[in-house]
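Here is the structure we will look at.
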Amino acid sequence: VTLPTLAAPSAPRSLTTSTSGSTVTFTWQPPSSGGAPTHYLVYIGTTSGGSNVVNGYNVGNVLRVSGDLHRGTYFVRVRAANAAGLSANS
């Protein structure tokens with residue numbers, strides 16, 4: 001019996017945002033190739049490559065951030081992950 005090789009997922013697609021009051025919702029689509037993700041790592045920062053606002057993971061493909069976020073520019077990246085590894089940034 002030959003077992004299939006598990007592959008790391010490719011990057012999540014179509015990252016979008018929407019706001020409602022003090023809540024910002026981030027959504028993305030699963031990767032179109034590679035292995036199936038088991039979870040996503042989400043990084044949100046006030047500088048490019050930063051993660052000082054959110055540095056964690058979310059199981060689904062939606063993350064809602066609410067609270068005392070200041071107006072400004074935020075940098076968001078999402079990585080898909082499974083037992084074989086991590087994708088590139090979205």
Side-chain angles (χ1 to χ4, degrees):
V1 173
T2 303
L3 297 175
T5 303
L6 182 62
S10 61
R13 305 172 292 123
S14 305
L15 176 62
T16 61
T17 63
S18 63
T19 59
S20 176
S22 63
T23 300
V24 180
T25 302
F26 302 91
T27 59
W28 55 89
Q29 296 300 311
S32 59
S33 62
T38 56
H39 62 281
Y40 296 92
L41 298 168
V42 180
Y43 306 93
I44 303 172
T46 54
T47 60
S48 179
S51 59
N52 59 310
V53 177
V54 171
N55 185 1
Y57 77 93
N58 182 51
V59 175
N61 63 337
V62 174
L63 175 66
R64 288 182 180 83
V65 178
S66 62
D68 198 16
L69 293 175
H70 299 282
R71 290 180 186 236
T73 301
Y74 292 87
F75 298 84
V76 181
R77 60 196 191 283
V78 180
R79 297 178 80 182
N82 65 20
L86 294 171
S87 73
N89 291 327
S90 60

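Keep in mind that the numbers below use all heavy atoms, side chains included, and drop hydrogens, waters and symmetry copies.
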- [ ] Locate the shortest heavy-atom distance separating Val78 from Pro12; write the atom from each residue and the value.
- [x]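 That would be O-CD, 3.6 Å.
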TODO: Working to the nearest 0.5 Å, report the span between CZ of Arg13 and OG of Ser90.
DONE: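 Here the interatomic distance stands at 12.0 Å.
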List, one per line, each side-chain donor-acceptor pair under 3.5 Å for residues 24-48, sequence neighbours excluded.
| unit_1 | atom_1 | unit_2 | atom_2 | d |
| --- | --- | --- | --- | --- |
| Thr27 | OG1 | Thr16 | OG1 | 2.8 |
| Ser33 | OG | Ser10 | OG | 3.1 |
| Thr38 | OG1 | Ala81 | O | 3.2 |
| Thr46 | OG1 | Asn52 | OD1 | 3.4 |
| Thr46 | OG1 | Asn52 | ND2 | 3.1 |

